[in-house]
Amino acid sequence: MTEHNGQAGAETERLDFVRQIVADDCKSGKWDGRVHTRFPPEPNGYLHIGHAKSICLNFGIAAQFGGKCNLRFDDTNPCKEEQEYVDSIIHDVRWLGWDWEDRLYFASDYFEQMYQWAVELIQKGKAFVCDLTAEQTRRHRGTLTEPGTESPYRDRSIEENLDLFARMRAGDFPDGARTLRAKIDMSHPNINMRDPVIYRILHAAHHRTGDTWCIYPMYDWAHGLEDSIEGITHSICTLEFENHRPLYDWFLDALAVHHPQQIEFARLNLTYTLMSKRKLLRLVQDKYVSGWDDPRMPTLGGLRRRGFSPDSIRKFCKVIGVNKFNSTIDYALLEHCVREDLNRTSPRVMAVLRPLKVVLSNYPDGQVEWLEAINNPEDPAAGTRKVPFSKVLYIEQDDFMEDAPKKFFRLAPGREVRLRYAYFIRCDEVVKDADGTIIELRCSYDPATRGGDAPDGRKVKATLHWVAAEQALDAEVRLYEHLFTKEDPEQTEDGQDFTANINPDSLQILTGCKVEPSLKDTEPLQRCQFERLGYFCADPDSTAGKLVFNRTVTLKDTWAKLQKKQKK
RNA sequence: UGGGGUAUAGUGUAACGGUAGCACGACUGACUCUGGAUCAGUUAGUUGGGGUUCGAAUCCCUGUACCCCAGCCA
């Protein structure tokens, strides 16, 4: 990984607070210089850009400090989890470019060990089987300001607890009939410490263990044990688990096993974006988007389909930093990262989204010239290609104005512009239909300017992209805007929810677009830049006969900005 | 009202008792066969109030604001 920079880079690079802890530990020899992290998703949904922050933190730290990072599925709740999610998560983490080598783990593989440790906890008098119902347990818990009351089953003998717990495992009791709870302190100011449930009865098939188990460990019990078993040194999680750390520590201390350090950091928030699984699900279920990989979704699948590169997302995760307080990153920063990467790597190509026909009156009928075009000015190694030029062309409707203001540099009656890699052309005549709509431009070209330079040294103010009509390929192009009209989609009037802020124009589908013939065999997810327009990515909906492109992000456009300002 | 956290330009993030810096955004300008890219510049900040100190974003006291916690979810 590029992050692996050993000593040299580590000195100059500023460390976030998590890396600072890791660096200090390496220095002090706390873990014998070992660094071992993990990314522990629950396989109950698709990964999104917020997970990418966590992934890059965990894998990034391991890479930077010469350590290891495991991919571990925290699959302790059979009711919500599915193999499909496991597969997609594996795919997404790998797509992002991280490698867990042979360390793909599942919490469910540790169920037996966890069970044995629970028995040990009972034997130490630190856990008991409780017969209270869920509702009763809730009432006994007390409130934020009032202490709880102890369960009447709290003082059962160790023998009885052992027996009952064994029978829980054996399936003697129905769902919810009993739980195993830690014996801590019902008046603890931290509610998590008030005799938390550590096993519940769930007669449900697990996606990996099938019906082997009918009791399942709770997160607080399971997570630290998973970390301990794997020899994790730094257990990095999000802020809402801060309140759980005393419990994490309590369990590991009670068992006197390897005890990693839990460190909490703030989740990612992005403007114009929702990150909650529940709300993203709602968008899918209520058909506000086409699916989990809709290019407007912040899921990694959505971003991939939109055309984001793994590098751009990793760069973004690096540049946003890590902290302990809630903040909201400007979506423009994500756009900056993707433009920066795609500018370096994307082959340029010419495409006309809203075609306006141009006929060159003085160009020979039937003649076709194949002109040389540069594939990527940022990367000479990308080479060149040939694009066809002939009498009938298409240019962008936006590139012509009949009554052009001074600041409009493009084509207008009597004005001369350059067609990229081709010739200077001058607009002689505007052809309209009965309604007055412009349907065609008659232009003349200057044969002396072949390739794009005038021998007499005269200049033009603009260079337009174009496509030769006869050789052009038809394409569908999907233009995306923010899914929400507000920076904070949750900001709503009374009685409304976030769906009130959905942007009705977040997707615009253009058909009859014209693209240059070199795009003929474009593969799905192939990225390119449409010159002067933006970065695009072939959608998986593309077929041999029908090309479909998604716009990832526009190029920065000072003319568009100018126009926007004037409208206001 | 209990407990646990956190506050630095518009946004994000550094500064670890010693010149408040960087990035994004916004705004100028230069350059350009992409109104792209690139380059140069401008803009703007320590949550309030006390204190310690030659010196405080940093240490102390005290307000204020925001986030998290009462699942047999993670």
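Everything quoted here is computed from the prediction, not taken from an experiment. Here is how names work: the chains are called A, B, and so on, in the same order as the sequence lines, proteins then strands, and each is numbered from 1.
B/rA26 sits 16 Å from B/rG10 when the P atoms are compared, rounded to a whole Å. B/rC31 and B/rG35 have their C1' atoms separated by 13 Å, with the value rounded to a whole Å. Spacing of P atoms, B/rU52 relative to B/rC61, comes out at 15 Å, to the nearest Å. Taking atom P on both nucleotides, B/rA57 is separated from B/rG51 by 15 Å, rounded to a whole Å. Comparing the C1' positions of B/rU8 and B/rC66 gives a spacing of 16 Å, expressed to the nearest Å. Nucleotides B/rC69 and B/rA74 are separated by 14 Å at their C1' atoms, to the nearest Å. Spacing between B/rU64 and B/rC27 at atom P, rounded to whole Å, works out to 40 Å. Spacing between B/rG50 and B/rG55 at atom P, rounded to whole Å, works out to 16 Å.
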Let's go through A/Glu226 and A/Tyr105 carefully: what are the C-alpha distance in whole Å and the side-chain angles of both, what is the deciding distance for side chain to side chain donor-acceptor pair (under 3.5 Å) to 0.1 Å, and is it a yes or a no? CA-CA 9 Å; A/Glu226 297 158 21; A/Tyr105 299 130; over 6 Å; no
Determine, step by step, whether A/Lys315 and A/Asp341 satisfy the salt bridge (Lys or Arg N to Asp or Glu O under 4.0 Å) criterion, reporting the C-alpha distance in whole Å, the side-chain angles of both residues, the deciding distance to 0.1 Å, and the verdict. CA-CA 9 Å; A/Lys315 176 71 190 296; A/Asp341 184 49; over 6 Å; no
Derivation and outcome, salt bridge (Lys or Arg N to Asp or Glu O under 4.0 Å), residues A/Asp16 and A/Arg19: CA-CA 5 Å; A/Asp16 57 65; A/Arg19 274 175 244 256; 2.6 Å; yes
Show your reasoning for whether side chain to side chain donor-acceptor pair (under 3.5 Å) applies to A/Ser518 and A/Glu516. CA-CA 6 Å; A/Ser518 70; A/Glu516 65 169 67; 2.5 Å; yes
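If you check every strand for non-hydrogen atoms under 4.0 Å, A/Tyr199 touches nothing. Among the atoms of the strands shown, base atoms are found under 4.0 Å from some heavy atom of A/Leu132. Counting non-hydrogen atoms under 4.0 angstrom, A/Arg418 reaches a base of the nucleic acid. Within the nucleic acid shown, A/Pro217 comes within 4.0 Å of sugar-phosphate atoms alone, with no base atom in reach, counting heavy atoms only.
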Pairing of RNA chain B as dot-bracket, 5' to 3': ( ) intra-strand, [ ] crossing, | other strand, . unpaired, with Watson-Crick or G-U pairs under 3.5 Å? .((((((..((((....[..))))((((((.......))))))...(((((..]....))))))))))).....
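Legend: residues meeting side-chain contact (heavy atoms from CB on, under 4.5 Å) with A/His206, ordered by chain and number and at least two apart, are A/Asp75, A/Pro78, A/Glu81, A/Ser108, A/Phe111, A/Arg208, A/Thr209, A/Tyr216. Under the side-chain hydrogen bond (donor to acceptor under 3.5 Å, both in side chains) criterion, A/Asn243 pairs with no residue, sequence neighbours left out.
With hydrogens and angles left out, the side chain of A/Arg348 and the base of B/rU34 share a donor-acceptor pair within 3.5 Å. Side chain A/His244 to base B/rA74: a donor-acceptor pair is found below 3.5 Å.
The backbone N or O of A/Arg194 lies less than 3.5 Å from no partner atom in the side chain of A/Asp185, so there is not a single donor-acceptor pair. A donor-acceptor pair under 3.5 Å links the side-chain atoms of A/Arg156 to the main chain of A/Val129, judged by distance alone. Formation of a donor-acceptor pair under 3.5 Å by the A/Trp466 side chain with backbone atoms of A/Arg420 is found in this model.
The aromatic ring of A/Trp559 stacks onto the base of B/rG35, its centre lying under 5.5 Å from the centre of the six-membered base ring with the two planes under 30° apart.
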Let me have a per-nucleotide readout for nucleotides 23-29 of chain B, 5' to 3', with B, S or -, counting only protein heavy atoms under 4.0 Å. -SSSS--
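A 6.0 Å sphere centred on NZ of A/Lys324 holds more than 12 heavy atoms belonging to other residues, nucleotides or ligands. The environment of A/Asp211 atom CG is sparse: at most 12 non-hydrogen atoms of other residues, nucleotides or ligands sit within 6.0 angstrom. At most 12 non-hydrogen atoms from other residues, nucleotides or ligands lie less than 6.0 angstrom from CZ of A/Arg267.
Straight-line distance from the CG atom of A/Leu562 to the C1' atom of B/rG36: 16 Å, rounded to whole Å. Spacing between atom CG of A/Leu334 and atom P of B/rU11 amounts to 18 Å, rounded to whole angstrom units. Across the protein-nucleic acid pair, A/Tyr216 atom OH and B/rC72 atom P stand 18 Å apart, rounded to whole Å. At whole-Å resolution of the value, CD1 in A/Ile21 and C1' in B/rC16 are 14 Å apart. In this structure, A/Leu533 places its CG atom 10 Å from P of B/rG35, rounding to the nearest Å. The interatomic distance linking A/Arg38 (CZ) with B/rA74 (P) rounds to 15 Å, in whole Å. When the P atom of B/rA74 is taken as reference, atom CD1 of A/Ile198 falls 13 Å away, rounded to whole Å. Between the CZ atom of A/Arg138 and the C1' atom of B/rC69 there is a distance of 15 Å, given to the nearest Å.
Residue A/Ser327 has a polar side-chain atom (N or O) positioned under 4.0 Å from OP1 or OP2 of B/rU13. Put simply, A/Arg344 has no side-chain N or O that comes within less than 4.0 Å of OP1 or OP2 on B/rG36. Phosphate proximity of B/rC72 to A/Arg178: absent, as no side-chain N or O sits under 4.0 Å from OP1 or OP2. Here A/Arg267 does not reach the OP1 or OP2 of B/rC68: none of its side-chain N or O atoms lies under 4.0 Å away.
For A/Phe530 and A/Phe549, the distance between ring centers is under 6.0 angstrom. For A/Phe165 and A/Tyr199, the ring centers sit closer than 6.0 Å to each other. Within the 6.0 Å centre-distance limit, the rings of A/His223 and A/Tyr219 are counted as a close aromatic pair.
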Distances under 3.5 Å between nitrogen or oxygen atoms of protein and nucleotides 1-9 of chain B:
{"residue": "B/rG2", "atom": "N9", "partner": "A/Leu144", "partner atom": "O", "Å": "3.3"}
{"residue": "B/rG2", "atom": "N3", "partner": "A/Leu144", "partner atom": "O", "Å": "3.0"}
{"residue": "B/rG3", "atom": "N2", "partner": "A/Asn243", "partner atom": "OD1", "Å": "3.0"}
{"residue": "B/rG3", "atom": "N2", "partner": "A/Asn243", "partner atom": "ND2", "Å": "3.4"}
{"residue": "B/rG5", "atom": "O2'", "partner": "A/Glu242", "partner atom": "OE1", "Å": "3.2"}

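A/His51 and A/His48 have tilted rings, their planes meeting at an angle from 30° to 60° on a 0 to 90° scale.
RNA chain B is contacted by both A/Asp16 and A/Glu531; A/Asp16 maps to the nucleotide lying nearer its 5′ end (nearest heavy atom per residue). For the pair A/Gly452 and A/Leu202, nearest-nucleotide mapping onto RNA chain B gives the more 5' position to A/Gly452.
B/rG48: glycosidic angle beyond 90° from 0, hence anti.
Closest contact between the side chain of A/Thr137 and the listed nucleotides B/rC72, B/rA74, B/rA70 involves B/rC72.
Between the NZ atom in A/Lys561 and the CG atom in A/Asp557 there is a gap of 9.0 Å [rounded to 0.5 Å].
For the segment residues 373-383 of chain A, residues with any heavy atom less than 4.0 angstrom from an atom of RNA chain B are, sorted by number, A/Pro377, A/Glu378.
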